[in-house]
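To start, the structure under review is shown below, and the notes come after it.
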Amino acid sequence: MEDFKSLESVFSLSNGVKMPCLGFGTWQSSDGEEAYNAVLSALRLGYRHIDTAAAYGNEKSVGRAIADFLKESSVRRSDLFITTKLWNEDHGYENAKKAIEVSLEKLGLDYLDLYLIHWPNPLKFRSCWQKANAESWAAMEEAVDAGKIRAIGISNFCERHIDELLKTAKIKPMVNQIKVCPGQPQKQLADYSRSLGMVVEGYSPLGTGGIFKNAEIQQLAEKYGRTVAQVCIRWCLQQGVVPLPKSVNFARIKENSEIFDFMISEEDLEIIANLKNLEIRPVRNPDEADF
Ligand code: A2P
């Protein structure tokens, strides 16, 4: 494993773009003061990598927090890594082109660091998802060439969706963002994505909050003298996956960033990967999602 020392440690994407190794998730952070305060707190605490999506409905508040932070600090835009995603309604060449502009506008940014296709098989395009992804991707490639996006990737793509996209992609996807949490490490898909040159990001590393009641993880947290959240986030990172924990609470945002001064043993990494009976929803099959 690479040695990640701080929030400024990075993963290198296949085109050389650097991605800070711990991201800040904003799924389920409400638009308005909640998302604004959460992102501003995260930036003030040293997070440099923010993950949002058109579907989260909070790009405006995220953008406002970024703008205010850049005004109040000496940090430059180029020190930040901002991701957003193409929503399911907006697949296809023309729609995706427009969606990129709308996200840039809402975020108040001149460029995105990373833009992802959020889901591979939206309900609206279920009979033609291969074509829809290929066309969306072409629009994303054009935006890369135009300097509007630094890196492009996918989210929730399984092997079959990746293989299909690679048939037409001129630029290979640089990232696959998938759910990675205790009991659901998705090792095979992560390995496959990496074998094709992608960096893997993990959303819901705390099982969307479902991990906290589990006695085994509580015992492990005690063993390491850390909190459950810190053990889960560290576990994710030690597998070479970029964790994207979400919180809207200042103390928890801080706690979730303090994961760089301990190591989980190989044996315990396996135990966490294989935890059973967790109150966490199983990984969704993208071909059966009802959206
Ligand atoms: P909150 O936003 O109120 O802090 P995930 O990152 O897997 O999606 O999990 C997010 C959920 O976990 C949210 O409900 C969030 O609540 C909660 N959470 C985030 N960090 C912590 C923490 N350090 N301790 C307890 N709960 C946390």
Side-chain angles (χ1 to χ4, degrees), residues 7 19-53 55-58 61-62 65 81 83-85 116 118-119 155-156 175-186 190 200-239 241-262 264 272-273 275 277-284 289:
L7 283 165
M19 171 194 279
C21 70
L22 175 66
F24 183 67
T26 64
W27 179 39
Q28 295 179 331
S29 301
S30 310
D31 198 30
E33 290 313 290
E34 185 172 89
Y36 172 81
N37 287 328
V39 172
L40 190 55
S41 299
L43 292 168
R44 284 176 176 164
L45 286 163
Y47 288 80
R48 293 292 173 260
H49 174 175
I50 308 290
D51 183 88
T52 183
Y56 302 169
N58 57 20
S61 311
V62 170
F81 189 97
T83 303
T84 192
K85 314 186 189 84
L116 306 176
H118 205 150
W119 286 90
S155 182
N156 298 300
V175 169
N176 194 6
Q177 181 181 129
I178 56 178
K179 181 175 179 183
V180 174
C181 64
Q184 300 178 25
Q186 297 222 70
V200 177
E201 296 183 308
Y203 69 81
S204 298
L206 312 173
T208 333
I211 191 65
F212 294 101
K213 285 193 210 137
N214 180 266
E216 278 176 274
I217 196 93
Q218 285 169 4
Q219 279 162 14
L220 281 170
E222 252 172 60
K223 169 172 165 182
Y224 286 96
R226 301 289 156 162
T227 67
V228 165
Q230 288 168 333
V231 167
C232 294
I233 296 165
R234 179 76 205 179
W235 168 82
C236 191
L237 187 61
Q238 276 188 234
Q239 296 175 86
V241 173
V242 179
L244 302 172
K246 171 265 177 188
S247 177
V248 293
N249 173 289
F250 185 86
R252 294 198 281 266
I253 296 170
K254 182 166 187 293
E255 173 189 327
N256 295 351
S257 70
E258 292 168 343
I259 56 147
F260 295 103
D261 55 354
F262 73 109
I264 302 174
I272 298 170
L275 284 176
N277 303 319
L278 299 167
E279 289 178 25
I280 303 177
R281 193 160 74 177
V283 173
R284 203 189 277 276

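FYI, the numbering just counts along the sequence from 1. Indexing begins at 1, ligand by ligand and atom by atom, following the structure's order.
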| message | Give the atom numbers and elements of ligand 1 that come within less than 4.0 Å of a heavy atom of A229. | response | 22 (C), 23 (N)
| query | Which of these passes side-chain contact (heavy atoms from CB on, under 4.5 Å) with V180: S204, C236, P205? | reply | C236
| said: Please classify the S204 to ligand 1 contact at 4.0 Å (heavy-atom distances, strictly less than): side chain, backbone, both or neither. | reply: both
| remark: The residue among N37, D31, T52, T26 that forms side-chain hydrogen bond (donor to acceptor under 3.5 Å, both in side chains) with S61 is D31
| query | Which one holds for F212 and ligand 1: side chain close, backbone close, both close, or neither close, with close meaning a heavy atom under 4.0 Å? | reply | side chain
| request: Indicate, as side chain, backbone, both or neither, the part of P205 found under 4.0 angstrom from ligand 1 when only non-hydrogen atoms are considered. | output: both
| Where ligand 1 meets G209 - atom numbers and elements under 4.0 angstrom, heavy-atom basis | 9 (O), 11 (C), 12 (O)
| task | Would you kindly say whether N256 and Y47 are connected by a side-chain donor-acceptor distance under 3.5 Å? | result | no
| field | Non-hydrogen side-chain atoms of L22 and H49 separated by less than 4.5 Å | value | no
| ligand 1 atoms in contact with P245 (distance to a heavy atom under 4.0 Å) | 6 (O)
| query | Heavy atom of N256 under 4.0 Å from ligand 1? | reply | yes
| Using a heavy-atom cut-off of under 4.0 Å, does the side chain or the backbone of K246 touch ligand 1, or both, or neither? | both
| message | Does this structure show an ion pair linking K85 with D51, if we count only N-O contacts that are shorter than 4.0 Å? | response | yes
